[in-house]
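Here the structure is laid out as structure tokens; the discussion comes afterwards.
This one's a predicted model, so the numbers in the text were calculated from it and none came from an experiment. Here, residue 1 is the first one in the sequence, and each next residue gets the next number.
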Amino acid sequence: QVQLVESGGGLVQAGGSLRLSCAASGLTFSTYTVGWFRQAPGKEREFVAAISCRGGLTKYGDSVKGRFTISKDNAKNTVYLQMNSLKPEDTTVYFCAAGRLGDAMMRSRNDYTYWGQGTQVTVSS
């Protein structure tokens, strides 16, 4: 049985930082692409970042490029999202996802198979 569990969300002031973690059980991250998505009320789930099986390829959404960094520790079956220079517009629920998919599909939420429950990030102004 596959389970993805996000952690690290919370309340932070604008300009601050948080690090989210996604821990997996029931699958081996080294054979999966792992992505981060976020979804605000009334909006579609938005691509944030993704990392390839071995961590050699990363992609970012335009709104977070230069501020967020995704990384993978395959030995720990854990993926991280370092979030710096946070803005109030980053406030929403963040989800971790995993799937076996090609590099061209890393930004597509429908191509991921497994999803975590989400963790709330709130950035105050």
Side-chain angles (χ1 to χ4, degrees):
Q1 184 177 354
V2 172
Q3 186 174 30
L4 305 180
V5 179
E6 302 96 332
S7 62
L11 175 65
V12 66
Q13 292 183 326
S17 299
L18 287 172
R19 189 174 78 156
L20 306 184
S21 298
C22 175
S25 61
L27 63 79
T28 301
F29 265 162
S30 64
T31 63
Y32 283 82
T33 297
V34 181
W36 287 96
F37 295 80
R38 64 189 185 185
Q39 187 170 23
K43 301 189 69 175
E44 291 186 338
R45 195 161 294 190
E46 176 190 11
F47 173 76
V48 176
I51 188 165
S52 60
C53 296
R54 296 187 179 184
L57 176 64
T58 58
K59 294 185 178 182
Y60 296 92
D62 290 341
S63 64
V64 306
K65 189 176 296 184
R67 299 188 297 124
F68 292 7
T69 303
I70 188 170
S71 61
K72 176 184 276 188
D73 187 341
N74 282 332
K76 296 182 178 179
N77 248 8
T78 301
V79 168
Y80 305 95
L81 184 68
Q82 180 66 46
M83 309 165 68
N84 298 328
S85 301
L86 283 162
K87 306 174 181 179
E89 65 193 68
D90 297 318
T91 295
T92 190
V93 179
Y94 286 72
F95 298 88
C96 175
R100 285 174 171 164
L101 45 91
D103 293 347
M105 307 306 296
M106 292 175 69
R107 297 174 180 267
S108 301
R109 64 184 183 275
N110 291 336
D111 288 277
Y112 290 82
T113 303
Y114 305 105
W115 291 83
Q117 84 290 343
T119 186
Q120 175 71 44
V121 172
T122 303
V123 184
S124 64
S125 59

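Taking each heavy atom of G118 and V93 in turn, the nearest pair found is CA-CG1, 3.8 Å. Minimum interatomic distance between K72 and F29 (heavy atoms only, all atoms of both residues): NZ-O, 3.0 Å. Here the closest heavy-atom approach between residue W36 and residue S21 is recorded as CH2-O, 3.7 Å. Taking both residues in full, the closest heavy atoms of Q117 and L4 are given as OE1-O, 3.5 Å, listed atom of the first, atom of the second, then distance. Listed here is the closest heavy atom pair of Y112 and A50: OH-CB, 3.5 Å. Between L11 and S124, the closest heavy-atom pair is CD1-CB, 4.4 Å.
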Check against salt bridge (Lys or Arg N to Asp or Glu O under 4.0 Å), D103 and K59:
CA-CA 9 Å; D103 293 347; K59 294 185 178 182; over 6 Å; no
W115 and V2: side chain to side chain contact (heavy atoms under 4.5 Å, CB included), yes or no, with the steps?
CA-CA 9 Å; W115 291 83; V2 172; over 6 Å; no
Any chance you could lay out the side chain to side chain contact (heavy atoms under 4.5 Å, CB included) test for D90 and R67, step after step, and finish with the verdict?
CA-CA 11 Å; D90 297 318; R67 299 188 297 124; 2.8 Å; yes
Going through the checks in order, is the side chain to side chain contact (heavy atoms under 4.5 Å, CB included) test met by Y80 and T69?
CA-CA 8 Å; Y80 305 95; T69 303; over 6 Å; no
For R109 and F95, run side chain to side chain contact (heavy atoms under 4.5 Å, CB included): C-alpha distance rounded to whole Å, both residues' side-chain angles, the deciding distance at 0.1 Å, then the answer.
CA-CA 11 Å; R109 64 184 183 275; F95 298 88; over 6 Å; no
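Judged by distance alone, the side chain of T91 and the main-chain N or O of V123 form a donor-acceptor pair under 3.5 Å. Not one N or O on the side chain of R54 forms a donor-acceptor pair closer than 3.5 Å with the backbone of T31. The closest donor-acceptor contact from the side chain of T58 to the backbone of I51 lies at 3.5 Å or more, if one exists at all. Judged by distance alone, with hydrogens and angles left aside, the side-chain atoms of N77 form a donor-acceptor pair with the main-chain N or O of L27 at under 3.5 Å. E6 places a side-chain N or O within donor-acceptor distance of the main-chain N or O of C96, the cut-off being under 3.5 Å.
Residue Q39 holds its CD atom at 10.0 Å from CD of E46, rounded to the nearest 0.5 Å. Distance check: Q1 CD to S25 OG gives 8.0 Å after rounding to the nearest 0.5 Å. The structure places OG1 of T92 at 6.5 Å from CD of Q120, a figure rounded to the nearest 0.5 Å.
Here the side chains of L20 and V121 are in contact, with some heavy-atom distance below 4.5 Å. With a 4.5 Å cut-off on side-chain heavy atoms, M106 and L57 count as touching.
Y94 and Y114 fall within a single hydrophobic cluster, where Ile, Leu, Val, Met, Phe, Trp and Tyr are joined by side-chain heavy atoms under 4.5 Å apart, directly or via other members. Residues I70 and L101 do not share a hydrophobic cluster, clusters being chains of Ile/Leu/Val/Met/Phe/Trp/Tyr side chains in contact below 4.5 Å. A single hydrophobic cluster is seen to contain both V79 and L18, as judged by linkage of ILVMFWY side chains at heavy-atom distances under 4.5 Å, directly or through other members.
For the pair R100 and Y32, the cation sits on the ring face: its NZ or CZ lies under 6.0 Å from the ring centre, inside 45° of the axis.
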